[in-house]
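Heavy atoms only: backbone and side chains are in, while hydrogens, waters and symmetry mates are out. Chain letters run A, B, ... following the sequence lines, proteins first and then strands; every chain starts at 1. Note that the coordinates shown come from a computational prediction; the quantities given were computed from them, not determined experimentally.
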Protein chains: 4
Amino acid sequence: MPKVDDAHREARRQQVLDAAIACFARTGFHQTSMADILQEAGLSAGAVYSYFSGKDEIIAAVAESRHRQEAQLNAAATAHADPIEALHRLARAYAGWMFDPSAAGKLRRRVGVQSWAEALHSPEIRAQVLRGLSAAKDALGALIRRAQADGRIAAAFDPEALARAMVALFQGFVLQLAWDEQAADRDTHLAAVEGLLAAITRDPRRGAAHGRERRPH
Amino acid sequence: MPKVDDAHREARRQQVLDAAIACFARTGFHQTSMADILQEAGLSAGAVYSYFSGKDEIIAAVAESRHRQEAQLNAAATAHADPIEALHRLARAYAGWMFDPSAAGKLRRRVGVQSWAEALHSPEIRAQVLRGLSAAKDALGALIRRAQADGRIAAAFDPEALARAMVALFQGFVLQLAWDEQAADRDTHLAAVEGLLAAITRDPRRGAAHGRERRPH
Amino acid sequence: MPKVDDAHREARRQQVLDAAIACFARTGFHQTSMADILQEAGLSAGAVYSYFSGKDEIIAAVAESRHRQEAQLNAAATAHADPIEALHRLARAYAGWMFDPSAAGKLRRRVGVQSWAEALHSPEIRAQVLRGLSAAKDALGALIRRAQADGRIAAAFDPEALARAMVALFQGFVLQLAWDEQAADRDTHLAAVEGLLAAITRDPRRGAAHGRERRPH
Amino acid sequence: MPKVDDAHREARRQQVLDAAIACFARTGFHQTSMADILQEAGLSAGAVYSYFSGKDEIIAAVAESRHRQEAQLNAAATAHADPIEALHRLARAYAGWMFDPSAAGKLRRRVGVQSWAEALHSPEIRAQVLRGLSAAKDALGALIRRAQADGRIAAAFDPEALARAMVALFQGFVLQLAWDEQAADRDTHLAAVEGLLAAITRDPRRGAAHGRERRPH
DNA sequence: TATGAATGAGACTTCATTCAT
DNA sequence: AATGAATGAAGTCTCATTCAT
């Protein structure tokens, strides 16, 4: 019955990953020892090593699970017909995930920031991070181009640069939130992002484009 | 002649810090061994340990020197009488430093990102990072408030939130540049930041402001 | 089955302590390296460090085990009803232990002397040594007082000073033996101690005290 | 002018030795670093190394100076014509030196105890200590034999064993005093030693030996 | 002679990983 | 499959000693 075995295997792997996330969020990848993870998971060394080849694979798997979840956000949000509405939905989807005030959200931010640093010297994690960045930029870029085609965003904007800036804004907020969870709440962050969005959007109902009537949200 | 000794001492410390920065940028704080730093610096263990009490002090000194340089940017740029001009100068000063395409700039970004991660569990580095963040936010916030008093930025903006967003934008760009130095050049980043700035600024030469109906949040 | 584990743990700790005693006796606490102990014990560094937190704890445990054994001597010997007989038994018990000509006795003396020196700057070992000294002095002092009450030892003796002197005599012999195992045998030492004892003891069967029949050895 | 140079050299050596004694008394031979000694002496490394070949030579010289001083005690005291009086003088000379309550005496005891431990594994120091022990035993033994020839000490005593016991008594007192300087004063120790002496001495004016007139303290 | 910066062997300790049970 | 004791390479740091100045 491989199905049962696979389910069991998957459950055990998740148990290890959850423990690892808790430890990594607390002390960072390289200051967390395997012993810390074993204790947090309540498993023996032998057990953990039968599911993962080593610490590096655990780090990679933690980063990978983060990446997988992120990828779903893009797909879900960009389906909407109206590009501006899709942009807003995408922003809300990301904000909901990254600014999540729950304990899980806090762990995610902290591990996320560590991964960003780790990406500087781990080829695997770098690839993941860059893939995630590209996916977000591509999704945003496509929507921006559609909006520009509709005359809803000034053609003068470089879609790539604009997409990059929107992601940067998110990333900076995640950093600030990771350093100080009290820094601001989810709505504050979302408002800022949507403000940027509104500032560059033309009102579609007016003949002449004007930034002045834009409603940030 | 303490001057000679002090100069020598300072030179040696800098030699170690330079070596450490090179190593940290390459492999991260905790995957860099003291042996790596010794080799890079071309010094013996004993020599290095006579200038620093240990690896932690080196990490702290590296982060500290970064922080010290950053602090000077705020002061230099905010002196201008016109708040909008001061904001632009501040943006350019930060951009010039953080997006510096030279090797030194690249090292700075990479070490900076590591420090951001390290700040999550090192009280000292966290304090430095938060101090730097506060200083930047305060400088920006003061200028924004002056601009609002002059009617140059819509009063509806929360100065604190706006300042925070401008910093976030910078931080996100630094991250993206650190991951991929080819991602964009200094001008692209600066243009994006100045674009945001322009989008929220009223034209002072016009009787009626044009940003007036927008409610950023 | 904690019993098995505990037994195993205790056996391993003892294995380390035995190795440490051999090394310490040979080269002293601070000139013995952990590598020496590891080799002598036939264990790896990791194994030893899972039983002891470090070298200091091993030193303390070695001194402690010595102290524990010594404490039993006092209790066993002082139970006798006749105080003079109890004094002799105590002297014989100590002599049997401290002048033991076996290899174990030799190790004990050598480590003991090192502990005496170590007690000068290690608070833990000093406390142990002083506790052992007090226990011996107290046991002797109580017996001396009982003998004085019975008129068997001249009331003019200060019991505390006499006890201290008897202990000093033992300690000096241990030193001399440690320096030169051929210096004298157990009987010689015991004879000297019992000689001192006899010299201060009145013959209970005689009306008048006489030191003259004593045979110092 | 070699005389001046020699005097200078000797003064410098003594300066180092004094510093070393202070350090050794405080922390023991092997936990005192050369840096400690340099600082205490107020000399540079190069200076110290031009007077001593290394730490071992300093340790040996410290032990040696102690030994030299001790040797003078024997000679001075044993010159007296009456062997019993000479024994008392010898005891007082040793007591005066070893139980000296001054700071110098305290240092001497502490360094002495360390030397005793060091003698277990350093051939040089062992030789010194054994030479000192032999000298004392020989001086005492000679006096005891003279006293026995005069009928002042019972012939039944083994002179060697008796001498050894008297030295042991001193050594034990030194130990106890080093551990706790408040343990007893010089007079108490001297009284105990003289008490032992009296206990084995026959009254020369009486035909029959009597221990009973002895005054233990 | 004197200095003290520099050396580098070696000390203690940790921890990712293995493997006999 | 699971355990956890054991391994040992590698890490950080110290300190006796040297040598250019």
Acceptor/donor pairs from residues 42-51 of chain A side chains to any protein atom, 3.5 angstrom cut, sequence neighbours excluded:
residue: Ser44(A); atom: OG; partner: Ala47(A); partner atom: N; Å: 3.2
residue: Ser50(A); atom: OG; partner: Ala47(A); partner atom: O; Å: 2.7

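Each of dT17(F), dC12(E), dA6(E) was ranked by its minimum atom distance to the side chain of Met34(D); first place goes to dT17(F). The nucleotide whose nearest atom lies closest to any side-chain atom of Lys55(C) is, among dG4(E), dT13(E), dA1(F), dT13(E). Closest to the side chain of Ala47(D), out of dA1(F), dT3(E), dA16(E), is dT3(E).
Side-chain nitrogen and oxygen atoms of Arg12(B) include at least one within less than 4.0 Å of the OP1 or OP2 phosphate oxygen of dA6(E). One finds a side-chain N or O of His8(B) lying less than 4.0 angstrom from the OP1 or OP2 phosphate oxygen of dA6(E).
Distance, Tyr49(C) OH to dT12(F) C1': 13 Å, rounded to whole Å. Taking atom CZ on Arg9(A) and atom C1' on dA2(F), their separation rounds to 14 Å, with Å as the unit. Between His30(C) atom NE2 and dA11(E) atom C1' the separation is 14 Å, expressed in whole Å. Look at CD on Gln39(B): it is 14 Å from P on dT12(F), rounded to the nearest Å. Atom-to-atom, CD of Glu57(D) to P of dT17(F) comes out at 10 Å; the value is rounded to the nearest Å. In this entry the distance linking CG of Asp5(C) with C1' of dT21(E) reads 13 Å, nearest Å. For the pair Arg13(B) CZ and dA5(E) P, the computed distance is 14 Å after rounding to whole Å.
Between Arg12(C) and Gln15(C), the side chains place a donor N or O and an acceptor N or O closer than 3.5 Å (distance only, hydrogens not considered).
In this entry dA16(E) has dT7(F) as its Watson-Crick or G-U wobble partner, both defining distances falling under 3.5 Å. Across every strand in view, dA1(F) sits unpaired, with no contact that passes the Watson-Crick or G-U test at under 3.5 angstrom.
Between Arg126(A) and Ala119(A), the shortest heavy-atom distance links the atoms CB-O, 3.1 Å.
The residue among Leu38(B) and Val48(C) whose nearest nucleotide of DNA chain F is located toward the 5' end is Val48(C). Each of Gly46(B) and Ala45(C) was matched to the nucleotide of DNA chain E holding its nearest heavy atom; the match closer to the 5' end belongs to Gly46(B).
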Could you go step by step and tell me if Glu118(D) and Phe29(D) meet the side-chain contact (heavy atoms from CB on, under 4.5 Å) rule? CA-CA 8 Å; Glu118(D) 198 64 13; Phe29(D) 293 140; 3.8 Å; yes
